[in-house]
> 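Below you will find the structure I want to go over with you.
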Amino acid sequence: MDKSEENFQLDFLSFLESSQRLTQWRPTGGPELMYIALSNESCDLDSVVSTLAIAFLRYRNPGTLLHNCMPVLNMMRRDYASKTEVRFLLEKQTITPDRHLVFRDDVPEELLLRSRFILVNHHVSPFHYCTEEVYDYRPYQCEAARLPIYCQRIMHPMRSCAALIIERYDSPIYNYTKVRCLRVFELLHAALLLQNCNFVMDPIDQLHTVRDFQLLLYLEKQLGQLDMAQRTQLYDTLVNAMFDLNELTLPQILRREFKLLSANNGLHLVRIAQCCFPMAVTRFISFEFAQLALQQFAAEHSCDFIMLLGTSVQPVGGLVVKELGLIPMDSLRDVEDRRLFDHMIINLNASIEPMLALEPYRGLNFMQGAFFFINVWNVQFPDVVQLVQRIVFNWVATDKTLPV
């Protein structure tokens with residue numbers, strides 16, 4: 001049996017195991033290249049499952065040159081435990097981080113610079129210059145993405161990246177070897193359910209028009225048809241796993257999902273971290289070592305402010321932000337930090353798109369911060385990220401127009 005025939009015998013789990021060895025890959029002088037399927041940095045369930053699935057599909061449909069394809073989760077290995085729903089689902093499929101997964105910090109910089117990229121669930125990346133495929137259901141950001149003209153963009157208006165990947169599995173052109181892996185299909189099925197909130201927000205008589213639901217039914221033809229009660233049970237299990245933070249430390253909760261924003265008004269550089277987690281902010285700050293955890297996080301990432309965003313499941317399904325806290329790490333001793341703090345609080349309260357309807361927690365004096373209940377049920381983490389960007393950039397623009 002030659003090498004190509006031997007490789008084709010690898011099933012999904014064996015493929016993932018072999019991917020770990022690819023971190024030591026070096027060019028041989030032949031035509032083979034290294035392709036890295038890179039997940040969104042959020043590493044939510046949709047991103048992780050889609051990354052593993054498309055890498056396996058590429059491996060089983062290699063073309064004539066037999067390039068290597070390695071799935072990489074765009075997070076630090078130490079933070080994997082914080083993705084409780086991802087860990088729960090992968091462990092059900094006997095996928096463990098030590099044997100099967102590759103993380104961003106596992107890949108040598110030299111290999112990153114030599115690789116071609118497949119971006120999964122995002123299309124803005126520092127590796128844009130050598131990206132050959134993109135899978136993303138969000139609107140295309142032309143100026144920020146800067147993708148090569150030869151890059152293939154699979155960016156259909158779906159609700160999940162998993163739906164885009166399922167279409168590839170169903171394509172006789174892309175999946176010419178007719179790969180049908182039930183383990184992969186079960187992962188994609190779960191990602192579709194969670195990303196679409198079990199489709200409870202869609203009228204039953206219109207479900208047949210929803211592309212994600214059509215692809216869910218396609219998977220169930222392979223896996224076995226589920227009724228609404230069975231889907232609800234699976235969805236509830238995933239949501240419960242998401243909110244099961246009992247085994248996590250406070251630093252892990254802060255690192256579960258966060259974004260960093262930097263801005264400079266010409267006189268003052270600020271860095272703001274936005275940490276989102278499925279727990280009430282008021283509960284988080286009630287823990288004995290919450291202040292120490294925040295100070296350590298701020299020191300590690302050089303943060304001037306930390307915004308805490310606590311999420312909850314809305315009555316009809318879907319994860320939304322319900323509590324917000326803004327904490328100045330220097331207790332507002334710096335005049336410029338105080339000005340920005342006031343600017344952010346005023347504009348968060350005045351925001352119309354999205355409308356936050358903030359209700360302050362009066363008398364709550366934790367680290368000189370401001371804490372609010374969000375009295376609407378439709379605000380998600382990306383909405384707050386974009387709003388804070390607009391508020392901070394407005395502060396920068398306003399300061400730069402003031403006379404010196």
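The basis for the numbers below is simple: all heavy atoms, side chains too, and nothing from hydrogens, waters or symmetry mates.
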> Specify whether Phe284 and Phe287 have parallel, tilted or perpendicular ring planes, treating 30° as the upper limit for parallel and 60° as the lower limit for perpendicular.
perpendicular

> Centres of the Tyr218 and Tyr169 rings: under 6.0 Å?
no

> Could you tell me if Arg256 sits above the aromatic ring of Phe277, with its cationic atom closer than 6.0 Å to the ring centre and no more than 45 degrees from the axis?
no

> Is the shortest heavy-atom distance from the side chain of Gln380 to the side chain of Asp383 under 4.5 Å?
yes

> So do the side chains of Phe366 and Val281 get within less than 4.5 Å of each other, counting heavy atoms only?
no

> Mind running side chain to side chain donor-acceptor pair (under 3.5 Å) on Ser39 and Asn121 for me, showing each step along the way?
CA-CA 6 Å; Ser39 78; Asn121 210 18; over 6 Å; no

> Out of Met34, His67, Glu132, which residue meets the side chain to side chain contact (heavy atoms under 4.5 Å, CB included) rule with Arg116?
Glu132

> Using atom types as modelled, flag every donor-acceptor pair under 3.5 Å from a side chain in residues 50-58 to any protein atom, sequence neighbours excluded.
residue: Ser50; atom: OG; partner: Asp46; partner atom: O; Å: 2.7
residue: Ser50; atom: OG; partner: Ala162; partner atom: N; Å: 3.2
residue: Thr51; atom: OG1; partner: Ser47; partner atom: O; Å: 2.7
residue: Arg58; atom: NH1; partner: Glu133; partner atom: OE2; Å: 2.8

> Side chains of Met367 and Met329, heavy atoms from C-beta outward: is any pair under 4.5 Å?
yes

> Within a strict 4.5 Å, meaning less than it, do heavy atoms of the Phe371 and Ile285 side chains meet?
yes

> Taking the side chain as every heavy atom from C-beta outward, state whether Asn196 and Leu216 have any atom pair closer than 4.5 Å.
no

> Could you tell me whether the side chain of Asn61 and the main chain of Thr177 form a donor-acceptor pair under 3.5 Å?
yes

> List the residues meeting ring-ring contact (aromatic ring centres under 6.0 Å, His included) with Tyr80, not counting sequence neighbours, and say none if there are none.
Phe103

